[in-house]
Structures are given as structure tokens and as C-alpha cells.
Amino acid sequence: MRLDYLSIFPGYFDVLGISLLGKAAVNGLVDVYAHDLRDWTHDRHRTVDDTPCGGGAGMVMKPDPWGEAFDEIIGTEPDPSVHVVFPSPSGEPFTQSVAHDLSSVERIVFCCGRYEGIDHRVIDYARSMWTVHEVSLGDYVLNGGEVAALAITEAVVRLVPGFMGNPQSLAEESFSAGQDGLLEYPLFTRPVSWRGLDVPEVLMSGHHGRIAKWRRDESIRLTRERRPDLTDSDVSARH
Ligand SMILES: Nc1cc(-c2ccc3ccn(Cc4ccc(CN5CCCCC5)cc4)c3c2)n[nH]1
């Protein structure tokens with residue numbers, strides 16, 4: 001898998017050389033390339049923004065540098081196998097399902113906007129050439145797309161076959177099919193007693209059936225309390 005990042009702050013992506021992702025890069029599972037959008041400007045100030053047509057606060061990113069960067073980094077021929085991700089507050093929700101879809105893609109280009117956003121023609125052009133995902137991380141506003149791109153990267157790369165040491169842990173995660181879309185149950189490890197707080201006895205019983213029931217009951221309780229939106233009617237009936 002090849003990952004490209006286009007940003008005026010490419011340094012954000014130095015962190016991808018660390019930890020698990022660094023290992024994946026070493027194993028050749030993932031190749032990571034960060035690019036400074038200003039490398040495709042031609043004026044002395046390396047300008048990437050301008051005032052919004054129609055007025056309004058803030059600045060908008062000019063389309064020209066993006067187009068020239070696309071030409072050099074991706075190419076000038078349409079290729080639907082290239083997935084281009086635009087993090088955006090007005091994007092579709094980024095979910096585990098989208099992460100799964102992206103984890104089998106060979107090439108992803110992250111376009112990280114700043115200011116108030118990117119000239120919309122950049123996204124329209126990208127849609128005419130590649131497979132585009134305009135995605136939101138959640139209902140809050142970041143200052144740019146970089147942090148979102150890092151979060152999306154981590155959610156996607158950890159699903160790439162051969163990346164995670166223990167694929168079983170992926171199967172039991174929240175938001176994945178394995179848990180029926182319920183939240184994860186509480187986790188415990190040794191010591192059994194810690195500052196007057198004990199591990200639930202059932203987990204020390206060695207009785208796997210009871211442990212499985214306790215965990216499911218806890219997942220259902222937590223989901224009902226914290227995420228009623230995840231418990232649609234037949235799910236709650238089933239539990
Ligand atoms: N899930 C999530 C993703 C992002 C995200 C992603 C990418 C960019 C690029 C720039 N910003 C900053 C920004 C964008 C929009 C506004 C508001 N908006 C501006 C235009 C007129 C109406 C109001 C404020 C600041 C970004 C923010 N935030 N949260």
C-alpha cells in the first residue's frame with residue numbers, strides 16, 4: 001500500500017515513521033510519502049490561499065497548486081484504483097466500515113486542507129479522475145486535515161492483512177462485525193486487587209461460558225448507556 005500526503009505542514013507526517021506504522025513501512029507493507037503543497041507554487045511568497053469568492057471570513061486554498069501537485073504525484077490520466085481522501089467537516093462520517101474498504105486499496109492520497117478549506121473545483125476535478133472520499137472525523141472543527149489524515153491512516157493500516165501481530169484482537173473490536181456493533185466490554189489485568197478495587201470474580205473463575213456472558217452483558221449495558229444510537233430495535237431485541 002502506498003500512502004501520499006499533500007499538506008502545507010508535511011512535518012505532521014514524520015510521526016508515521018514511529019511505532020507500528022514504522023514497522024509496517026520497514027516490512028514493506030506500507031510506503032509513506034509526505035509532500036509540501038508549496039513546492040507547486042511559483043511566486044516569491046509561495047502563496048497557496050486567496051480570499052473567498054462571494055465574500056466571507058478567512059481564506060480559501062487556491063486550486064492551482066493542488067492541480068500541479070496531482071499531475072506530478074498521481075498523474076494526468078484517470079485511474080479509479082487511486083483513492084483520494086479529503087478530510088472535511090462537511091464530509092461523510094468516517095467509520096470502521098470506510099476504514100475496512102480503504103484497507104484493501106493499493107494507493108491512497110490524503111489531501112489536507114487548511115484555512116477555511118480547499119477551492120471546491122479541486123474536489124470536483126479529483127472526482128473526475130480518481131475515487132474520492134470526503135470524510136469527517138466527527139462533529140467538531142479541526143484547524144486542518146492533517147490530524148484527521150493521521151487518524152484515518154491508523155484506522156486503515158491496522159486492518160491491512162499482515163500488519164497487526166494478533167488479528168484475533170481485531171475481530172473482537174467495537175464497531176466491527178465481531179461484536180454486533182456493540183461497545184467493547186471493560187478490560188482487566190493483574191494485579192487482581194489494586195487500591196481496593198478488584199477484578200470482577202467471574203473473570204477469575206476460569207468458566208469460559210460465564211465469562212463470555214458477562215462480557216456480552218457488559219457490552220450491551222455500556223452500549224445502551226453511552227450509544228443508544230448503536231442499539232437499533234432488533235439489536236436490542238436480540239440482546
Ligand atoms: N471532522 C473534521 C474535519 C475537519 C477539517 C478538515 C479539513 C480542514 C481544512 C480546513 N479546516 C479548518 C476549517 C474548516 C471549516 C471551517 C468552517 N467553515 C468554513 C467555511 C465557511 C463555513 C464554515 C472552519 C475551519 C479543516 C477542518 N474538522 N473536523
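For ligands, and for the atoms within them, numbers begin at 1 and follow the listed sequence. Throughout, residue positions are numbered sequentially from 1 according to the sequence presented.
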Discussion item. Membership question, hydrophobic clusters at under 4.5 Å side-chain separation (ILVMFWY): are Val98 and Val109 in the same one?
Written reply: yes
Fill in: SB check Arg107 Asp79 (cutoff 4.0 Å)
no
Discussion item. Using the side chain to side chain contact (heavy atoms under 4.5 Å, CB included) criterion, which residues pair with Glu218? Sequence neighbours excluded.
Written reply: Tyr185, Pro186, Trp214, Arg221
Response to the item:
Sequence neighbours excluded, the answer for ring-ring contact (aromatic ring centres under 6.0 Å, His included) partners of Tyr125 is Trp130
Worksheet item: Is it true that Glu146 and Arg114 have a side-chain N and a carboxylate O under 4.0 angstrom from each other?
Response: yes
Distance dump, ligand 1 polar atoms to protein, N/O, under 3.5 Å:
{"residue": "ligand 1", "atom": "1 (N)", "partner": "Ser136", "partner atom": "OG", "Å": "3.3"}
{"residue": "ligand 1", "atom": "1 (N)", "partner": "Leu137", "partner atom": "N", "Å": "3.0"}
{"residue": "ligand 1", "atom": "1 (N)", "partner": "Gly138", "partner atom": "N", "Å": "3.4"}
{"residue": "ligand 1", "atom": "1 (N)", "partner": "Gly138", "partner atom": "O", "Å": "3.2"}
{"residue": "ligand 1", "atom": "28 (N)", "partner": "Leu142", "partner atom": "N", "Å": "2.9"}
{"residue": "ligand 1", "atom": "29 (N)", "partner": "Tyr140", "partner atom": "O", "Å": "2.6"}
{"residue": "ligand 1", "atom": "29 (N)", "partner": "Leu142", "partner atom": "N", "Å": "3.4"}

Worksheet item: With sequence neighbours left out, which residue pairs that include part of residues 200-213 fulfil the salt bridge (charged side-chain N to carboxylate O under 4.0 Å, His left out) condition?
Response: Lys213-Asp217
